[in-house]
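Single-structure report; data block below.
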Amino acid sequence: MRLFGANIGFWQPWFKIGNVIREAKLHGKENAKILIMRTLIKHALASAEPKDLVIIKGWIRTRRDSKGFSFLEINDGSCLGSLQTVVNSGIPGYDQLHHLTTGASVIIKGKLVASPGSGQKWELAATEIELVGTSDAAYPLQKKGHTMEFLRTIAHLRPRSNLFGAIFRTRSRLAYAVHQFFQERDFVYVHTPIITASDCEGAGEMFRVTTLKGNIDEKPEADFFGRRSYLTVSGQLEGETFACALSNIYTFGPTFRAENSNTARHAAEFWMIEPEMAFCDLAGDMDLGEQFVKAMAQYALEHCAEDVGLFAKFVDKGLHDRLRFVAERPFQRVTYTEAVGILTSCGHKFEFPVQYGLNLQSEHERYLTEEHFKCPVTVYNYPREIKPFYMRLNDDGKTVAAMDVLVPGIGEVIGGSQREERLELLNENLRRHNLRPEDYWWYVDLRRFGSVPHAGFGLGFERLIMFLTGVSNIRDVIPFARTPGSADF
RNA sequence: UCCAGAGUAGCUCAAUGGUAGAGCAGCCGGCUGUUAACCGGCUGGUUGCAGGUUCGAGUCCUGCCUCUGGAGCCA
């Protein structure tokens with residue numbers, strides 16, 4: 001192993017030693033790095049010129065036999081496309097042909113040559129093929145299309161399908177884009193706790209974390225943390241403390257809700273992005289939220305073009321138009337009061353009543369963004385009665401500085417607010433919501449020591465991915481979905 | 001949790017209350033620079049589970065389970 005020194009990073013333990021040593025002897029030690037380096041299929045397909053020797057490693061998508069040779073489609077997940085490989089009878093490994101079935105894993109050595117067939121620019125003329133792992137007839141992924149429902153039942157294999165490969169590559173790139181967006185703007189990434197004893201009121205039911213046996217409520221002070229504790233439903237309260245020190249911060253991490261929600265837009269475990277800005281009011285908060293959604297749409301168009309093309313073809317025909325529209329056009333902005341006015345005077349019949357002081361229902365939000373404005377809409381300044389304790393009371397004494405960003409097809413994708421920074425008003429809010437100020441003593445302390453206006457929002461990462469890919473069920477944009485009654489895999 | 005719909009071969013789906021079928025996948029053979037390849041043959045089933053009605057239930061009834069769509073809660 002010392003033979004390759006610094007190149008050890010290219011060594012992969014399932015590449016057989018014999019092959020490497022043979023090549024090293026043939027071509028000399030100095031070429032060993034190139035010879036043992038595996039070429040990702042995305043790079044092979046993007047090659048500018050033929051190559052005399054490449055090694056690819058991946059899984060067989062399909063095999064088509066001819067007399068004397070076979071075509072193999074190899075995919076390694078590095079990109080949407082597969083590499084067509086021509087395997088002539090007689091090359092080393094061809095005797096394993098009957099094992100080279102859909103789903104089997106292989107290492108193939110060969111020449112990258114221009115393909116005489118239509119449908120691909122390059123193909124691999126194999127000179128040696130090594131069967132790494134067989135795949136028997138029970139392999140559930142076929143060449144033909146599968147339903148999303150079926151693929152959910154084989155969540156361990158679905159990333160090998162075109163669509164799910166594309167979804168999870170896109171998810172990865174968008175996660176990177178989230179960090180890039182905030183880091184470029186000098187936001188500090190804060191890891192707020194996953195286990196917490198505080199309830200970010202209004203954010204739903206919490207999962208209890210305990211090491212107690214039997215009746216867990218009998219003696220909570222005997223529990224691991226000396227009190228009742230839960231999985232976090234939001235990092236906002238902790239995020240505020242860091243914003244009130246580092247100015248602009250964001251969190252990006254797992255979040256848990258024990259709600260018995262059974263919809264295509266809810267999961268018990270999801271990833272949330274929560275920026276928080278000191279010396280910022282609601283207008284600045286809305287600006288950031290809108291810029292963020294636009295930047296993500298732009299990023300998807302620029303950096304996920306191939307996968308987005310697949311979504312546009314098979315999932316959502318209008319995806320390109322929507323992404324461009326979101327990236328380029330300004331969002332609409334209306335107050336809650338104006339929104340209620342639009343909904344009551346539009347003549348549209350709603351199942352639920354529209355009335356000042358009531359929450360906007362899904363059908364109302366969707367009407368605003370899909371029918372009335374036909375673009376993303378930010379609704380702000382909601383009645384204080386329907387919003388949580390931490391939101392800042394407006395000068396009218398009736399509304400709070402809250403905002404929701406609504407997008408077509410999804411509904412609410414961002415919920416945010418300016419926070420109540422005035423000590424007396426915050427304490428009054430806690431009392432009005434029947435919360436004990438002593439439970440929030442450190443949160444209230446922020447208002448005692450150098451309090452500043454500050455604002456932030458929460459954004460569900462999966463809902464963002466749904467919006468940017470057109471995939472309509474949240475279970476399909478998270479690798480292994482946790483929903484009521486289901487924690488498989 | 002509520003409302004609606006669905007559950008039949010590995011997958012996608014058929015089947016007036018009267019012998020459970022097709023396409024694809026798989027297996028065997030043929031043919032072909034093929035590309036959702038093609039042609040022939042074969043294999044493949046406790047019709048979600050438990051009861052009930054009936055001479056007879058995939059089909060009708062009751063309960064349960066699971067999935068899907070919508071709603072509520074929310075991100």
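Everything quoted here is computed from the prediction, not taken from an experiment. Reminder, nothing fancy here: chain letters follow the sequence lines and each chain counts from 1.
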Tell me which nucleotide among [options] gets nearest to the side chain of [X].
{"X": "A/Ser115", "options": "B/rG33, B/rA71, B/rC11", "answer": "B/rG33"}
{"X": "A/Glu123", "options": "B/rG69, B/rA75, B/rU34", "answer": "B/rU34"}
{"X": "A/Ala137", "options": "B/rG26, B/rA75, B/rU34", "answer": "B/rG26"}
{"X": "A/Phe150", "options": "B/rU32, B/rU12, B/rC73", "answer": "B/rU12"}
{"X": "A/Lys143", "options": "B/rC73, B/rA37, B/rC11", "answer": "B/rA37"}
{"X": "A/Lys67", "options": "B/rC31, B/rU68, B/rC74", "answer": "B/rC31"}
{"X": "A/Ile474", "options": "B/rA75, B/rC73, B/rU1", "answer": "B/rA75"}

Can you tell me if the side-chain N/O atoms of [X] get under 4.0 Å from OP1 or OP2 in [N]?
{"X": "A/Arg257", "N": "B/rC74", "answer": "no"}
{"X": "A/Arg463", "N": "B/rC74", "answer": "no"}
{"X": "A/Asn262", "N": "B/rU68", "answer": "no"}

Query raised in the report: In residues 351-365 of chain A, which residues come under 4.0 Å of RNA chain B by heavy atom?
Result: A/Phe352, A/Gln361, A/Ser362
Nearest-Å distance once atom [atom1] is located in both [N] and [M]:
{"N": "B/rA57", "M": "B/rG10", "atom1": "C1'", "answer": "26 Å"}
{"N": "B/rC60", "M": "B/rU1", "atom1": "C1'", "answer": "30 Å"}
{"N": "B/rG7", "M": "B/rA15", "atom1": "C1'", "answer": "16 Å"}
{"N": "B/rU8", "M": "B/rU34", "atom1": "C1'", "answer": "35 Å"}

Query raised in the report: Using a cut-off of 4.0 Å on non-hydrogen atoms, how would the nucleic acid contact of A/His266 be classed: base, sugar-phosphate, or nothing?
Result: base
Query - Sugar-phosphate only, base, or nothing, as touched by A/Glu412 at under 4.0 Å among non-hydrogen atoms - result: sugar-phosphate
Query raised in the report: When you measure from the centre of the six-membered ring of A/Phe150, is the NZ or CZ of A/Arg152 under 6.0 Å away and within 45° of the axis?
Result: no
Requested in this report: Could you tell me whether A/Lys374 sits above the aromatic face of A/Phe325, with NZ or CZ closer than 6.0 angstrom to the six-membered ring centre and within 45 degrees of the axis?
Outcome: no
Report task. Decide if the gap between the ring center of A/His156 and the ring center of A/Phe480 is smaller than 6.0 angstrom. Result -> no
Query raised in the report: Out of A/Met466, A/Glu149, A/Arg158, which residue meets the side-chain contact (heavy atoms from CB on, under 4.5 Å) rule with A/Asp476?
Result: A/Arg158
Report summary line: A correct dot-bracket answer for RNA chain B, with pairs being Watson-Crick or G-U at under 3.5 Å, [ ] for crossing pairs and | for inter-strand pairs, is (((((((..((((....[..)))).(((((.......))))).....(((((..]....))))))))))))....
